[in-house]
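The chains referred to below are lettered A, B, ... by the order of the sequence lines, with proteins before strands, and numbering in each begins at 1.
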Amino acid sequence: MFDTLDISSSGLTAQRIRLDTIAQNVANMNTTRDANGKPNPYQRRFAVFATGQVDNPDAPGVHVQSIQLDDKSKFRVKYEPDNPDAGPDGNVRLPNVDMAIEMVNALEASRAYEANVTTMEVTKSMISASLRLLA
Amino acid sequence: MFIDNMINQSGAPLLEQVLQFTAARHKLIAENMANIDVPGYLQKDLDIHRFQEMLSSAVENGQTGLAADDFDRITNDVQNPTNSILFHDGNNRSIEQLASDQAKNALMHNLVIELLRDQYQGLNMALAEKVS
């Protein structure tokens with residue numbers, strides 16, 4: 001019964017990491033340069049989930065297997081000839097972050113987080129009910 | 001032995017089996033909930049209807065619970081129910097189904113705990129020779 005709490009907490013951790021990557025994407029929505037200051041638009045990242053615990057893939061639970069770069073979707077392009085990062089045609093390449101997608105994902109992650117919290121509450125109530133057998 | 005009869009002839013062994021079953025099922029429900037966003041994950045569940053049928057036929061036959069190996073078989077028989085929609089990512093999640101299963105399972109668990117408490121309290125009362 002107690003290890004059921006571990007399953008729920010693995011779900012909590014995974015969803016929180018997913019929410020972290022979403023926050024990172026939204027924060028870098030307009031970042032046109034990389035860490036070295038070179039014109040290189042930010043690429044959106046996403047968390048890949050897999051079943052099992054981090055240290056033991058056969059144990060029940062969930063974990064984030066990797067954080068991957070989204071190099072499939074296209075960069076947004078904006079005509080801004082005055083921008084120092086604009087190309088010869090006057091277009092600036094902006095990160096491939098879509099606010100709508102990020103928002104929907106954030107909503108989904110926070111709801112899934114809540115679902116795991118609820119499961120934890122239920123587990124706790126079941127455990128404390130069992131403990132009352134002793135009293 | 002007398003005390004052994006007192007503890008094991010009542011509904012207690014039966015209730016204990018129900019508790020073990022609901023605990024095992026709750027674990028699977030928690031696992032389903034944690035894996036709600038994993039592509040290709042299939043929901044897991046135990047067959048509660050079959051368990052209840054087996055239990056009621058055991059009671060009708062005058063037994064105090066399922067035989068140990070029957071019980072082990074049914075609590076370890078993890079199934080992948082296919083009655084919900086399979087999404088494009090290969091996961092057949094149904095959060096509503098999960099939530100209601102979880103609530104029903106936990107209520108069942110807590111109800112059985114109360115029944116068991118009642119039984120133990122009766123024993124206590126008999127041992128203390130007074131109404132608590």
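Cluster membership check: Met103(A) shares its hydrophobic cluster with Met29(A), using side-chain heavy-atom separations under 4.5 Å among Ile, Leu, Val, Met, Phe, Trp and Tyr. In terms of hydrophobic clustering, with Ile, Leu, Val, Met, Phe, Trp and Tyr side chains grouped at heavy-atom distances under 4.5 Å, Val112(B) and Leu133(A) are assigned to a common cluster. By the rule that hydrophobic residues join a cluster once side-chain heavy atoms approach within less than 4.5 Å of another member, Val59(B) and Leu15(B) end up as members of one cluster. Criterion: ILVMFWY side-chain heavy atoms under 4.5 Å apart, direct or through other members. Under it, Met108(B) and Leu46(B) are part of a common hydrophobic cluster. No continuous path of hydrophobic side-chain contacts links Ile17(A) to Phe46(A) [ILVMFWY only; heavy atoms under 4.5 Å].
Scanning residues 17-38 of chain B against chain A with a 4.5 Å heavy-atom cutoff picks out Thr22(B), Ala23(B), His26(B), Lys27(B), Ala30(B), Glu31(B), Met33(B), Ala34(B), Asn35(B), Ile36(B), Asp37(B), Val38(B), ordered by number.
Counting all heavy atoms, side chain and backbone alike, Ser125(A) lies closest to Asn110(B) at OG-ND2, 3.9 Å.
For chain B, the option among Val48(A), Thr4(A), Asp3(A) with the highest count of heavy-atom pairs below 4.5 Å is Thr4(A).
Heavy atoms of Ala115(A) lying under 4.5 Å from chain B belong to its backbone as well as its side chain. With a threshold of 4.5 angstrom between heavy atoms, Arg111(A) does not approach chain B through any atom at all. The contact between Gln15(A) and chain B is made entirely by side chain atoms (from C-beta outward), counting heavy-atom distances below 4.5 Å.
Side-chain contact between Lys44(B) and Pro60(A): absent, with no pair of heavy atoms (C-beta onward) separated by less than 4.5 Å.
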